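See below for the structure under consideration.
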Amino acid sequence: MSSAKLRQHVRYVTASDGARLAWAESGSGPVVVKAANWLTHLEYEWDSPVWKHWLQFFSAHSRFVRYDERGCGMTDWQGGALTLDQWADDLGAVIEAAHSDGPVTLLGISQGAATCLHYAMRHPERVSGMILYGGFARGAFRRNDERARLQFQAMIDLAQVAWGHINPTFRQVFTSRFVPDGTPEQVGWFNDLCLKTTTGEVVAALLSARAVVDATETLAHITAPTLVLHARNDEAIPIAEGRLLARGIAGAEFVEPASRTRVLPD
């Protein structure tokens, strides 16, 4: 089913601290809620050459709910804490706004995995299962890897000074981590997304907050059936972080696609 035959409905919900979160739903059936992840824009990504096939698949098989995180896309760009507690609260606000009659399946991509874990630990009765793709429980500053820490800090510094520069070369640093084998169309779209969805100051704040995330203690408390997928040669999040998730969650299934991209191609 193509995106032209599907419709999404965008609405707003007020978070626990007053921030306005934009969320969207499409399709029908069992409810799948995608936790917010890096750089989204609900409208702009609907026909995206990067994400479109994901949106089509989930919308064709479920009532698919997703949202822009605070600081990005159609959600408020300013205000509110950037913490794991707040991100889990935001996910909960969207789930409640969607008026699901029962437990939902959570989809956590990249840092969305930590948000799903934290929410599932606090509200196990609301979660029927989880799909975690390219995720992590430990941020870049929590992995005991000095080289990775320095690289991540360099990206934070770069975002602060060069994000909005007319030359896309600066943003290409971020794009290449997510679609390293992307087509020219995909790379161009992602470079444009960087400017459409947020500012360099917010990017630096988001990256800084992600770097210190540590949800490892939640793993032993997860009771929902969980599928962990992690690209074998992921260039942004080491596969060791995916294996850590699978080892720590009782009964989790682990799948290792032979890829190096953050977004599996169609």
Side-chain angles (χ1 to χ4, degrees), residues 17 19 35-41 44-45 50 67-73 75-88 90 108-115 117-118 133-180 182 187 189-216 230-231 233-242 244-245 260-263:
D17 65 349
N37 58 272
W38 177 246
L39 294 188
T40 62
H41 189 294
Y44 186 57
E45 70 184 16
V50 175
Y67 60 101
D68 289 332
E69 73 174 318
R70 54 184 60 225
C72 288
T75 284
D76 285 353
W77 283 18
Q78 302 294 333
L82 299 177
T83 65
L84 193 53
D85 280 337
Q86 188 60 63
W87 289 329
D90 291 350
I109 300 172
S110 192
Q111 75 279 357
T115 301
L117 291 167
H118 203 61
Y133 175 70
F136 60 88
R138 303 181 301 182
F141 293 174
R142 300 294 189 228
R143 297 174 193 157
N144 300 316
D145 186 331
E146 180 63 13
R147 183 168 179 268
R149 188 193 70 78
L150 291 173
Q151 288 179 335
F152 204 84
Q153 183 62 56
M155 287 198 303
I156 294 173
D157 296 339
L158 181 63
Q160 287 179 313
V161 300
W163 188 261
H165 198 283
I166 191 171
N167 188 334
T169 300
F170 298 102
R171 295 183 298 280
Q172 187 75 23
V173 172
F174 299 87
T175 296
S176 63
R177 286 166 58 86
F178 287 84
V179 285
V187 170
W189 180 88
F190 209 98
N191 280 336
D192 288 343
L193 171 71
C194 290
L195 288 183
K196 290 179 183 292
T197 196
T198 194
T199 67
E201 292 77 11
V202 174
V203 167
L206 288 170
L207 289 174
S208 297
R210 302 206 194 320
V212 297
V213 162
D214 190 344
T216 53
H230 206 107
N233 299 305
D234 190 327
E235 296 198 0
I237 307 298
I239 193 171
E241 297 305 310
L244 177 68
L245 294 178
R260 70 188 186 113
T261 183
R262 300 289 293 148
V263 185

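This is a predicted model, so every value here is computed, not measured. FYI, the numbering just counts along the sequence from 1.
Looking at every heavy atom in both residues, A209 comes nearest to W87 through CB-CH2, 3.8 Å. Annotation for A215 and L84: closest pair CB-CD2, 3.9 Å, computed over non-hydrogen atoms. Residues V202 and G71 come closest through the heavy atom pair CG1-O, 3.4 Å. Considering all non-hydrogen atoms of both residues, A88 and H118 come closest at CB-CD2, 3.7 Å. In plain terms, the two heavy atoms of W189 and E45 that are nearest each other are CZ2-CA, 3.7 Å. Here the shortest heavy-atom pairing between C72 and W77 reads C-NE1, 3.7 Å.
In this structure, the side chains of Y44 and D68 stay at 4.5 Å or more apart for every pair of heavy atoms. Two residues are said to be in side-chain contact when any heavy atoms from C-beta on lie closer than 4.5 Å; L117 and L245 meet this criterion. Residues V213 and R142 form no side-chain contact, since every pair of their non-hydrogen atoms from C-beta on lies 4.5 Å or further apart. Using a 4.5 Å heavy-atom cutoff, the side chains of Q86 and L82 are not in contact. A 4.5 Å side-chain heavy-atom check between D145 and R149 finds every atom pair outside the cut-off. Contact annotation: the side chain of T75 never approaches that of Y67 to less than 4.5 Å [non-hydrogen atoms, C-beta and beyond].
For T83 and D85, the side-chain atoms include no donor-acceptor pair closer than 3.5 Å. In summary, the side chains of N37 and S110 do not present any donor paired with an acceptor at a separation below 3.5 Å, with no hydrogens or angles considered.
Judged as a salt bridge (charged side-chain N to carboxylate O under 4.0 Å, His left out), the pairs with a partner in residues 192-210 (not counting sequence neighbours) are, in order, E69-R210.
Judged by distance alone, the side chain of N233 and the main-chain N or O of E235 form no donor-acceptor pair under 3.5 Å.
Within the model, atoms NE2 of H230 and CD of E241 stand 7.5 Å from one another, a figure rounded to the nearest 0.5 Å. One finds the OG1 atom of T198 at 8.0 Å from the CH2 atom of W38 (value rounded to the nearest 0.5 Å). Expressed to the nearest 0.5 Å, how far OG1 of T115 lies from CD1 of I109 amounts to 12.0 Å. Here the CG-NE2 distance, from L193 to H41, works out to 8.5 Å after rounding to the nearest 0.5 Å.
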Distance-only criterion, 3.5 Å: show the donor-acceptor pairs between side-chain atoms of residues 151-163 and protein atoms not counting sequence neighbours.
unit_1: Q153; atom_1: NE2; unit_2: D157; atom_2: OD1; d: 3.1
unit_1: W163; atom_1: NE1; unit_2: C194; atom_2: O; d: 3.0

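With salt bridges taken as basic N to acidic carboxylate O contacts below 4.0 Å, none links R70 and D76.
Geometric assessment of R143 against the ring of F136 yields a positive cation-pi assignment under the 6.0 Å and 45° thresholds.
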